[in-house]
Amino acid sequence: MATSAVPAVHDRAARPRSLSGSSRHDQLFRAILTACALAIPVLIVMLLIVLVRGADPAIRKFGLHFIVDSTWDPIAGKFGAFPLIVGTLLTSLLALVIAVPLSLGVAIYLTEFAPEMVRKPIAMTIELLAAIPSVVYGLWGVFVLMPILRTAVFPLLRSVLGFLPFFQGVIYGPSVLAASVILAIMIMPFIMSVSREVLLAVPNSQREAALALGATRWEAVRTAIVPYARSGILGAIILGLGRALGETMAVTMLIGNRHEIVASLFAPGYTMAAVIANEFAEAQDRMHFAAMTYVALVLFLVTVIINAAARLLIWRVSRGAGSGGKEL
Amino acid sequence: MVGLMIGAVIVAVLPLIFILGSLIVRGAGSLSVAFFTRMPVPAGETGGGVLHAIVGTLIIVGIAALMGVPIGMGAGLHAAEYPGSKISWTARFVADVMNGTPSIVVGVFAYTLVVAPQKHYSAFAGSLALAVLMVPMIMRSTEELIKLVPNSLREAALALGYARWRTSLSIVLRTALPGIVTGSLLAIARVAGETAPLLLTALGNQYFSVDINGPMETLPHVVYKYATGPYEEWHQFAWAAALVLILVVLVLSIAARIATRQKFGGARG
């Protein structure tokens, strides 16, 4: 202890400066960290610039018509992304329809009802699903899930719901519905874990107040907890939507890859991400590349907007967590 | 209602068991020492291995980590040490947004930036794409873990006359380091399974290659190529490669989670 007298003398002079953060070393250190932090916004701007420049020939030739036009003919050099956009939105929304009730049920059960002992193990198990690479989902989807869907689930759907145009027609293996099912399995862990975090952020006073007023536990969930976490849960769902829109490998392997819009969900379709994965390596023509870069640009902008919206919603809940029940 | 929710839990856990089960049943039979030490054989013959893809994945992911980890850690340290600054807020928000950017879009970015000008596929472009995906993840996990370091440690170091930069590096970062390492491992495990950006950059290679300027094979790409191929032996091969891939990814993720929990559970308790 006593031996530290010498550095202490030196440090006494340095202390005021070190606290105000103005010593030269501190400035250098902060400059390096700032450069790292700035790299992230710079990266997203670079992404945007590179995509816009790459897509430039297609943007000039097709303009905004690109997103409403249905022709995709690399040989004639005519490109329109409408079927891709419809396919992307359709598979993602169907995946949400399947995944949202399931993930919210699991999240509510794990935060409100489950015995303390099983909460963490179940949450961790489901989160492991998020660690499985997309291509493995694709492999499993093609060789295990699709045969089950084709032989058991799709015929059942057709016989029960066959009066709807969505469940009519020939049953292929690769289809919009098969891709939606695998997407649902893939985005469920995200929606589950984010909404679980949001539900955990609901202050205990919310629960206690509802229970003290004589609500059952389920009534407390319905009237006091879920409404409080509403915008955060919405954020979690939108985050899941963002994942689904950009998911590539599993969808490419299951959707059947056809540039067409058919009402039947049993028919093959195509998505924006899948067309890039399939055709990029084989494209020869400059306009073909530009068209696919244009598709990537559209996909990028859509996911950026969706993710920004989701983050703002989730931040609002976690920031409002202290202000107790005002939203009710 | 609770019954329905338990049903939801079962339906949610089922795919994991089902997927792992199929992988083991269909993949384990094809695993052997040769699978890890040999090269693939032509279609029609049985046997062969994925040595080239294992080495390729290690090289591509390793270079990506060399580029992505320092930048991500620096940005995370900045966000945790100067939480009020506008730059931190922007970086944090953009990182969250970028975490949701489709990996195929990042693949197009790396293609346009590296592959198109030099007119041939390259493993380096793949590393670049994976690094871009890695930075926001590592930044966020670093920031969260540094926030857990008790302020009293920081105050004690400053009170002893440590300069701010030394406090940040040798006290704060040092304390959070085990957690940051596991957070980085998680991010590395995530990108090691990425296929989409590699389709546009490293592409794949039938032969053994360590040239980072040329095309290189990776495990996820082997799974994709053999799964979508026409031969039954290829499908067997894909299952075995997928089993290896998932073992790598799951072991990394589970180990990272357990390590983090122990370190921080002990420190805070």
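In what follows, chains are A, B, ... by sequence order, proteins preceding strands, each numbered from 1.
Between atom CG of residue A:Leu38 and atom CD1 of residue B:Ile87 there is a gap of 4.5 Å, rounded to the nearest 0.5 Å. Separating the CD1 atom in A:Ile132 from the OG atom in B:Ser253 is a distance of 9.5 Å, to the nearest 0.5 Å. Expressed to the nearest 0.5 Å, how far CZ of A:Phe280 lies from OG1 of B:Thr201 amounts to 10.5 Å. Taking OG1 from B:Thr101 and CD1 from A:Ile44, the interatomic distance works out to 5.5 Å, rounded to the nearest 0.5 Å. Remark: A:Leu312 CG to B:Asp96 CG distance equals 10.0 Å, nearest 0.5 Å.
Only the side chain of B:Tyr121 comes within contact range of chain A, with at least one heavy atom under 4.5 Å from a heavy atom of that chain. For B:Leu16, the parts lying under 4.5 angstrom from a heavy atom of chain A are both the backbone and the side chain. For A:Val135, the parts sitting under 4.5 Å from any heavy atom of chain B are the backbone and the side chain alike. With a 4.5 Å cut-off on non-hydrogen atoms, B:Leu4 does not touch chain A at all. Proximity to chain A (any heavy atom under 4.5 Å) is shown, for B:Thr195, by both the backbone and the side chain. Only the side chain of B:Leu203 comes within contact range of chain A, with heavy atoms under 4.5 Å apart. Using a 4.5 Å cut-off between heavy atoms, A:Leu129 contacts chain B through both its backbone and its side chain. Within the 4.5 angstrom heavy-atom criterion, no atom of A:Ser103 approaches chain B. Of the two parts of B:Ser85, only the side chain, counted from C-beta on, holds a non-hydrogen atom closer than 4.5 Å to a non-hydrogen atom of chain A. A:Thr34 touches chain B through backbone and side chain together, each having a heavy atom under 4.5 Å away. Both the backbone and the side chain of B:Ala12 come within less than 4.5 Å of a heavy atom of chain A. When heavy atoms are compared at a cutoff of 4.5 Å, B:Ile71 approaches chain A by way of both its backbone and its side chain. Residue contact with chain A, scored on non-hydrogen atoms closer than 4.5 Å, involves the backbone of B:Pro70 exclusively. Contact of A:Ile305 with chain B is not made at all, since no heavy-atom distance falls under 4.5 Å. A:Phe143 touches chain B through backbone and side chain together, each having a heavy atom under 4.5 Å away. Looking at B:Tyr82, only its side chain comes within 4.5 Å of chain A, counting heavy atoms on both sides. For A:Leu139, the parts lying near chain B are the backbone and the side chain together; criterion is any non-hydrogen pair under 4.5 Å. For B:Ala196, the parts lying under 4.5 angstrom from a heavy atom of chain A are both the backbone and the side chain. Within the 4.5 angstrom heavy-atom criterion, only side-chain atoms of B:Leu245, from C-beta onward, approach chain A. For a residue to count as touching a neighbouring chain, one of its non-hydrogen atoms must lie under 4.5 Å from one of that chain's; by this rule B:Val249 touches chain A with the side chain only. Residue contact with chain B, scored on non-hydrogen atoms closer than 4.5 Å, involves the backbone and the side chain of A:Ala308 alike.
Among the candidates B:Val132, B:Leu20, B:Thr90, the residue making the largest number of heavy-atom pairs closer than 4.5 Å to chain A is B:Val132. Listed options A:Gly105, A:Ala37, A:Gly246 were ranked by heavy-atom pairs under 4.5 angstrom with chain B; first place goes to A:Ala37. When B:Gly74, B:Ser168, B:Ala189 are compared by the number of non-hydrogen pairs under 4.5 Å with chain A, B:Gly74 comes out ahead. By number of non-hydrogen pairs under 4.5 angstrom with chain B, the leading residue of A:Phe289, A:Trp140, A:Tyr109 is A:Trp140. The candidate from B:Ala192, B:Ala91, B:Ala95, B:Ala110 with the greatest count of non-hydrogen atom pairs under 4.5 Å with chain A is B:Ala91. With chain A as the partner, the residue from B:His235, B:Met139, B:Arg190 showing the most heavy-atom pairs under 4.5 Å is B:His235. Most heavy-atom pairs under 4.5 Å with chain A: of the set B:Leu252, B:Val13, B:Ile6, B:Leu113, this distinction falls to B:Ile6. For the set A:Pro133, A:Ser134, A:Gly138, the entry with the most heavy-atom pairs within less than 4.5 Å of chain B is A:Pro133. The residue among B:Val2, B:Ile19, B:Val105, B:Leu250 with the most heavy atom pairs within less than 4.5 Å of chain A is B:Ile19. Top candidate by heavy-atom pairs under 4.5 Å with chain B, chosen from A:Met192, A:His25, A:Arg30, is A:Arg30.
Between B:Thr228 and A:Thr252 there is no side-chain heavy-atom pair separated by less than 4.5 Å. Between B:Met5 and A:Ile108, the closest side-chain pair of non-hydrogen atoms falls below 4.5 Å. Counting only heavy atoms from C-beta outward, the side chains of B:Phe18 and A:Ile148 approach each other to under 4.5 Å. For the pair A:Met249 and B:Val223, the minimum side-chain heavy-atom distance is 4.5 Å or more. Contact check for B:Leu169 versus A:Phe29: side-chain heavy atoms found under the 4.5 Å cut-off.
Taking every heavy atom of both residues into account, A:Val136 and B:Ala242 meet most closely at CG2-CB, 4.1 Å. In terms of heavy atoms, A:Thr303 sits closest to B:Gly100 at CB-O, 4.2 Å. Here the closest non-hydrogen pair linking B:Tyr224 and A:Asn278 is OH-OD1, 3.7 Å.
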Review point. Which is it for A:Leu47 and B:Met98 under the side chain to side chain contact (heavy atoms under 4.5 Å, CB included) test, yes or no, and what are the steps along the way?
Key: CA-CA 10 Å; A:Leu47 255 162; B:Met98 275 185 72; 4.3 Å; yes
Review point. Taking it one step at a time, do A:Ile276 and B:Tyr111 satisfy side chain to side chain contact (heavy atoms under 4.5 Å, CB included)?
Key: CA-CA 12 Å; A:Ile276 303 172; B:Tyr111 178 94; over 6 Å; no
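Checked against the 6.0 Å centroid threshold, B:Phe109 and A:Phe300 do not count as a close aromatic pair.
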